[in-house]
Amino acid sequence: MMNSELPEDSPRRRLRERLEGIQVRTDKASSWRETAEPLKPLINREGYVPVSARLSGEDLEFLSDAREELLVFTELGIRLLDLHQPRDAGGITSDAAHPILRCRSCMWRWPCPSFRAMTEAFLSPDETGPPSVPGEEPSGL
Ligand SMILES: [Zn+2]
C-alpha cells in the first residue's frame with residue numbers, strides 16, 4: 001500500500017472522499033433501532049405502521065440516500081468477497097497436507113488483509129475465528 005500522493009491517484013482520493021461523506025452523513029443521522037423495535041407489534045393488517053416522526057435535517061439527509069448507498073455498499077462487499085479468495089499457492093511446502101494458501105487476487109498469504117478487513121468490519125469477534133478453507137482440517141491450524 002502506498003502513502004505517497006501520485007497524480008494518477010486522484011480517483012483514489014475521490015473515492016475516499018465519497019466514502020467519508022457517506023460515513024459522516026450516516027454518523028450524524030439518528031439510529032432507528034430503538035424507535036423501530038416497539039413499532040413492530042403495531043403493524044396493521046395491511047402490513048404498515050402509520051407513524052408520525054420528527055426528523056432532523058441530518059436524518060433527512062441520510063434517509064434520502066440511505067437505500068441506494070447501502071445497496072452500493074453491499075454490492076461492493078460482495079464483489080470484494082468474490083475477488084479475494086484463497087487458492088493453493090502450489091510450489092514448495094513443508095507440509096503437503098496443509099499447503100500455504102494465497103489470495104488469488106492480491107497474492108497475500110490467506111487470509112489476505114482485504115478479507116481480514118471485511119471480516120473485522122462485518123462479523124462479530126466470535127465469528128472471525130480461523131477461516132474455514134475447503135479441504136483443510138480445522139485442527140491443522
Ligand atoms: Zn486478497
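Each ligand, and each atom within it, is numbered from 1 in the order the structure gives. Computed from a predicted model, the values in this text were never measured in an experiment.
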Sorted by chain and residue number, which protein N/O/S atoms are under 2.8 Å from the Zn ion (ligand 1)?
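Near the Zn ion (ligand 1), below 2.8 Å, one finds His84 ND1, Cys103 SG, Cys106 SG, Cys112 SG.
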What's the shortest heavy-atom distance between [X] and [Y], and which atoms?
X	Y	value
Leu80	Met118	CB-SD, 3.7 Å
Arg104	Asp82	NH2-O, 3.3 Å
His84	Ser114	CE1-OG, 3.4 Å

Are Leu19 and Phe73 packed together at the side-chain level, in the sense that at least one heavy-atom pair is separated by less than 4.5 angstrom?
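They are in contact (side-chain heavy atoms under 4.5 Å apart), so the answer is yes.
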Do Leu81 and Phe122 have side chains that approach each other closer than 4.5 Å (heavy atoms only, starting at C-beta)?
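Not touching, per the 4.5 Å side-chain cut-off.
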List the atom pairs, with distances to 0.1 Å, where a side-chain N or O of residues 43-50 and a protein N or O form a donor-acceptor pair under 3.5 Å, not counting sequence neighbours.
unit_1: Asn44; atom_1: OD1; unit_2: Glu46; atom_2: N; d: 3.0
unit_1: Asn44; atom_1: OD1; unit_2: Gly47; atom_2: N; d: 3.0
unit_1: Asn44; atom_1: OD1; unit_2: Tyr48; atom_2: N; d: 2.8
unit_1: Asn44; atom_1: ND2; unit_2: Tyr48; atom_2: O; d: 3.2

